[in-house]
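Structure, as C-alpha cells:
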2 protein chains.
Amino acid sequence: MLSIGKLSRATGVKVPTIRYYEQIGLLPEAERSSGNQRLYGRRTQERLAFIRHARELGFALEDIRELLALADDPERSCAAADRIAGRQLAAVNARLRRLEALRDELERMLAHCSSGRIADCRVIEVLGNHALCGHEHATGDDLSA
Amino acid sequence: MLSIGKLSRATGVKVPTIRYYEQIGLLPEAERSSGNQRLYGRRTQERLAFIRHARELGFALEDIRELLALADDPERSCAAADRIAGRQLAAVNARLRRLEALRDELERMLAHCSSGRIADCRVIEVLGNHALCGHEHATGDDLSA
DNA sequence: ATAGGATCTCTAGTCGCTATAGCTTCAAGG
DNA sequence: CCTTGAAGCTATAGCGACTAGAGATCCTAT
C-alpha cells in the first residue's frame with residue numbers, strides 16, 4: 001500500500017490533485033491507515049495512471065468519468081468510448097485549425113513591425129483595426145491560446 | 001452615445017462581459033444616463049474592439065492591459081508590444097506542436113479500435129497503458145484541448 | 001398608462017486545479 | 001525514548017475569463 005506522496009511520485013499526479021480527484025468522485029474514497037492517512041493499492045494506482053493519460057490527451061474530467069465507467073465494464077460495446085475519443089479528436093482538430101490561423105496572423109503582425117514608435121507599430125495597429133487582418137477569426141468560445 | 005446593449009451588438013462582446021471589463025479596469029468607468037444606465041462613446045467602442053480582437057488572438061487580459069497602455073502612448077517604442085506579441089506567438093506555436101501530437105495519438109487509438117467489446121478496445125487499452133503510445137506527451141501545465 | 005424588454009447590482013457558478021493555514025501523524029537520528 | 005522535520009490531514013479561498021441567476025429599476029412603444 002502506498003501513501004499519497006508515493007502514489008504522487010509513482011504517477012506524476014500532484015498530491016492535492018489526487019485528493020481533488022477523490023473529492024469529485026473520480027477516484028474511490030481511499031482506505032485509511034490507523035492514523036487516518038490515505039493508502040492506495042495497485043488498482044487505484046492504475047486508475048490514476050489512466051486518468052492522467054487521458055488528461056494529457058486533453059479529455060475533460062467528465063469524459064474521463066465516462067471512460068472509466070466503460071473501462072470497468074469489459075463486456076460492453078466500446079462504441080461509446082469510440083464516440084468520446086472521436087469527439088475529442090474533432091475538438092483537437094478544430095483547435096488546431098484555429099491556432100494555425102492565429103499563428104499566421106501573429107506572424108504577419110510581427111513581420112511588419114519595424115520596432116519603431118508605437119504610432120507606427122503594426123502590432124498595435126492591427127489589434128486596433130480588425131480590417132487589417134487577413135482573415136476572420138473565431139468569434140465564440142475558444143479564445144484561449 | 002450607445003447603450004450597453006447597442007455597444008454589445010456593435011462589437012460582438014456580450015453585455016455582462018463589457019461590465020466585467022469595466023469592473024477589472026480594462027474599460028474606464030462608463031458615463032451614466034439620468035437613470036444610471038451606462039453610455040458609451042466612440043473611444044470606448046474602439047477600445048472594446050481592440051480588446052476583442054486581441055482576445056481572439058489569444059492574448060490574456062493582462063497582456064491586453066499592457067497593449068492598451070502602449071496604444072495610449074504613441075511616442076513610446078513599440079519594442080514592448082513586439083515582445084508581448086512574440087511571446088504570444090511562441091505560446092501558440094508550443095500549443096500547436098502539442099495539439100498535433102495529441103491528434104496523432106487520438107488518431108492512432110481510433111484507427112486501431114475495432115468497435116467491439118470494451119475488453120478489446122484499443123482506446124481504453126491505450127489510456128490504461130501509457131507504454132502503448134507512440135510517444136511521450138507533455139506532463140505539465142497545458143492539458144486543455 | 002401599461003407592457004415588456006433592457007438595464008441595474010450583487011452573488012454564485014464554471015473548470016481543473018493550486019495555495020494557504022493550522023493542525024496531526026509518521027519515520028529517522030541521537 | 002525523544003525529538004525534529006517531512007509528510008499528511010481538513011477546510012477554505014483563489015486563479016482566469018467569463019456566465020448565469022435573482023430581484024429591482026428604467027426606458028420605449030403602443
Side-chain angles (χ1 to χ4, degrees), chain A residues 1-27 29-40 44 48 51-68 88 91 95 138-145, chain B residues 1-27 29-40 48 50-68 88 91 95 138-145:
Chain A
M1 301 294 268
L2 301 175
S3 70
I4 198 170
K6 282 176 186 146
L7 178 66
S8 170
R9 259 161 269 137
T11 57
V13 178
K14 288 181 190 154
V15 167
T17 304
I18 297 172
R19 287 195 282 246
Y20 170 71
Y21 287 163
E22 178 181 321
Q23 193 191 316
I24 64 170
L26 216 54
L27 289 177
E29 284 193 29
E31 287 181 57
R32 298 298 182 118
S33 72
S34 56
N36 196 37
Q37 303 198 343
R38 288 172 180 83
L39 290 175
Y40 298 94
T44 306
L48 185 54
I51 295 170
R52 172 162 142 86
H53 194 186
R55 285 294 295 134
E56 284 171 358
L57 286 169
F59 288 94
L61 291 182
E62 284 315 298
D63 285 341
I64 295 174
R65 205 187 287 275
E66 270 192 80
L67 290 168
L68 282 167
Q88 179 61 18
R95 235 166 135 47
T139 54
D141 44 328
D142 186 13
L143 299 175
S144 69
Chain B
M1 301 294 267
L2 300 176
S3 71
I4 197 168
K6 282 175 187 147
L7 178 65
S8 171
R9 258 162 270 137
T11 58
V13 178
K14 289 181 191 152
V15 168
T17 304
I18 297 171
R19 287 196 281 246
Y20 169 71
Y21 287 163
E22 178 181 322
Q23 193 191 316
I24 63 169
L26 216 54
L27 289 176
E29 283 192 30
E31 286 180 59
R32 298 297 182 119
S33 72
S34 57
N36 197 36
Q37 303 197 340
R38 287 171 180 83
L39 291 175
Y40 298 95
L48 185 53
F50 183 107
I51 295 171
R52 172 162 142 86
H53 193 186
R55 285 295 295 134
E56 284 170 358
L57 287 169
F59 288 94
L61 292 181
E62 284 314 300
D63 285 342
I64 295 174
R65 204 187 287 276
E66 270 192 79
L67 290 168
L68 281 167
Q88 179 62 16
R95 235 163 134 48
T139 54
D141 43 328
D142 185 13
L143 299 176
S144 69

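We name chains A, B, ... by the order of the sequence lines, and we start the count at 1 in each one.
Here the P atom of nucleotide dT14(C) and the CG atom of L61(A) are 13 Å apart, to the nearest Å. If you take CD of E22(B) and C1' of dC8(C), they are 12 Å apart, rounded to a whole angstrom. Here dC17(C) presents its C1' atom at 14 Å from CG of L27(A), a figure rounded to the nearest Å. For the pair F59(A) CZ and dC15(C) C1', the interatomic distance rounds to 17 Å; values are reported in whole Å. Nucleotide dC17(C) holds its C1' atom 14 Å from the CD1 atom of I51(A), rounded to whole Å. Between E56(B) atom CD and dA17(D) atom C1' the separation is 15 Å, expressed in whole Å. At whole-Å resolution of the value, CG in L39(A) and P in dG8(D) are 11 Å apart. Note: CD1 (I18(A)) to C1' (dT18(C)) measures 14 Å, nearest angstrom.
Residues V13(B) and I51(B) fail the side-chain proximity criterion, which asks for heavy atoms closer than 4.5 Å. The closest side-chain heavy-atom distance from L61(B) to R65(B) is not below 4.5 Å.
For the pair R38(B) and dC8(C), the criterion of a side-chain N or O lying under 4.0 Å from OP1 or OP2 is met. Contact annotation: K14(A) reaches the phosphate of dT18(C) (side-chain N/O to OP1 or OP2, under 4.0 Å). Look at S3(A) and you won't find any side-chain N or O under 4.0 angstrom from OP1 or OP2 of dC26(C). Taking 4.0 angstrom as the limit, R55(A) places a side-chain polar atom (N or O) nearer than this to OP1 or OP2 of dC17(C). Side-chain N/O atoms of Y21(B) include none lying less than 4.0 angstrom from OP1 or OP2 on dA17(D). In this model, the phosphate group of dG16(D) is not approached by any side-chain N or O of Y20(B) to a distance below 4.0 Å at OP1 or OP2.
Taken from NE2 in H53(B) to CD1 in I64(B), the straight-line distance is 10.5 Å, to the nearest 0.5 Å. Separation of atoms CE (M1(A)) and OG1 (T44(A)) is listed at 7.5 Å; rounding is to 0.5 Å. Between atom CG of residue L7(A) and atom CG of residue L27(A) there is a gap of 8.0 Å, rounded to the nearest 0.5 Å. Remark: T17(B) OG1 to L48(B) CG distance equals 9.0 Å, nearest 0.5 Å.
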Treat primed atoms plus P, OP1 and OP2 as sugar-phosphate and everything else as base, then score nucleotides 24-30 of chain D 5' to 3': B for base contact with protein heavy atoms under 4.0 Å, S for sugar-phosphate contact only, - for none. --SS---

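The side chain of T17(A) sits closest to dT18(C) out of dC9(D), dT7(C), dT18(C). Taking the side chain of I4(A) as heavy atoms from C-beta on, and the options dG8(D), dC8(C), dA17(D), the nearest nucleotide is dG8(D).
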Side chains of residues 18-25 of chain A: which donor-acceptor partners sit under 3.5 Å, not counting sequence neighbours?
from, atom 1, to, atom 2, distance (Å)
E22(A), OE1, R38(A), NE, 3.0

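The nearest pair of heavy atoms linking A30(A) to L39(A) is CB-O, 4.0 Å. Here the closest heavy-atom approach between residue G5(B) and residue V15(B) is recorded as CA-CG2, 4.1 Å.
At least one donor-acceptor pair closer than 3.5 Å links the side chain of Q88(B) to the backbone N or O of G58(B).
Note on R19(B): a base of the nucleic acid sits closer than 4.0 angstrom, heavy atoms only. Among the heavy atoms of the strands lying under 4.0 Å from R32(A) are primed sugar atoms or P, OP1, OP2 only; no base atom is included.
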So which protein nitrogen or oxygen atoms get under 3.5 Å of nucleotides 21-23 of chain D's nitrogens or oxygens?
none

